[in-house]
Amino acid sequence: MKNFFLVLLCVSFLYGCQSGYRVQYDSAPQSAMVVCGYEQKGYTPINLYYPKEAIQNGILKTIPCEAIWSSGYRTYFNNMIDTKQFPNGVRNSVQNPYMNNQDIQFDYQKKQADAKATSEAVKNFNEAMQNIGPKTTYCNQIGFQTVCNTY
């Protein structure tokens, strides 16, 4: 349980390090690839952060980003965001009106793989924490010589 809170604290710290205006790109079904310009950013849902200096007159104009599902269907996200209406960030979502089993199956498989990777990372973290955890040192004096062992 102690390790769980330590992992939670580390994750919270990492998320706290993000700066700028947050735009969460999401889709239905999820796990669509997000491509902004010609750069792959990851799969939905994903948070991207834009510099506050990019906001002019309460409007953030982003590079056009699109969602591309495994079936090949694509659609663009809104790239004009009213930051006055959403001062703490916004969720930008699109839907695939032609969603099929391929898109749903891909989302399911990706979430399964992500859960497995997260579980493995937590397991590795817990093992690492045990290795650096408190150790006990035993010392024995034999005549004028002291021998110590740490376990």
Nearest heavy atoms of Pro45 and Gln24, plus distance in Å: CB-NE2, 4.0 Å
Where Gln30 and Lys111 come nearest, the two heavy atoms and their spacing: OE1-NZ, 2.8 Å
Give every donor-acceptor pair under 3.5 Å between a side-chain atom in residues 85-93 and any protein atom, sequence neighbours left out.
unit_1 : atom_1 : unit_2 : atom_2 : d
Arg91  : NE     : Asp26  : OD2    : 3.2
Arg91  : NH2    : Asp26  : OD2    : 2.8
Asn92  : ND2    : Asn78  : O      : 2.7

Ile59 atom CD1, neighbour heavy-atom count above 12 within 6.0 Å: yes
Whether Thr44 side chain and Ile46 backbone form a donor-acceptor pair below 3.5 Å: no
Which atom of Tyr43 lies closest to which atom of Ser31, heavy atoms considered: CD2-O, 3.3 Å
Salt bridge (charged side-chain N to carboxylate O under 4.0 Å, His left out): pairs with one or both residues in residues 53-82, sequence neighbours excluded: Glu66-Arg74
Mutual orientation of the aromatic rings belonging to Tyr25 and Tyr50 [parallel < 30°, tilted 30-60°, perpendicular > 60°]: perpendicular
Euclidean distance, Phe106 CZ relative to Asn101 CG, rounded to 0.5 Å: 15.0 Å
Reported CD-to-SG distance for the pair Glu39 and Cys65, which is rounded to 0.5 angstrom: 9.5 Å
Heavy-atom check, side chain of Lys116 versus side chain of Gln112, under 4.5 Å: no
CG (Asn149) with more than 12 external heavy atoms under 6.0 Å: yes
Approximate separation, where rounding is to 0.5 Å, of Asn57 CG and Lys84 NZ: 6.5 Å
Where Cys139 and Thr146 come nearest, the two heavy atoms and their spacing: CB-CG2, 4.1 Å
Thr83 (side chain) donor-acceptor with Gly58 (main chain) under 3.5 angstrom: yes
Heavy-atom donor-acceptor pair, Ser119 side chain to Ala115 backbone, under 3.5 Å: no
hydrophobic_cluster_shared for Tyr98 and Phe77, side chain cutoff 4.5 Å: yes
Close side-chain approach of Asn96 to Thr75, heavy-atom, < 4.5 Å: no
Taking every non-hydrogen atom, the tightest pair across Gln95 and Pro97: O-CD, 3.2 Å
Under 3.5 Å donor-acceptor, Gln102 side chain and Ser70 backbone: yes
Leu48 side chain near Cys36 side chain, heavy-atom distance below 4.5 Å: yes
Donor-acceptor contact below 3.5 Å, side chain Asp103 vs main chain Ser71: yes
Verify same cluster id: Ile55, Ile81 (apolar side-chain graph, 4.5 Å): yes
Validation row: Trp69, Val94 side chains within 4.5 angstrom (heavy atoms): yes
Check: Lys110 main-chain N/O paired with Asp107 side-chain donor or acceptor under 3.5 Å: no
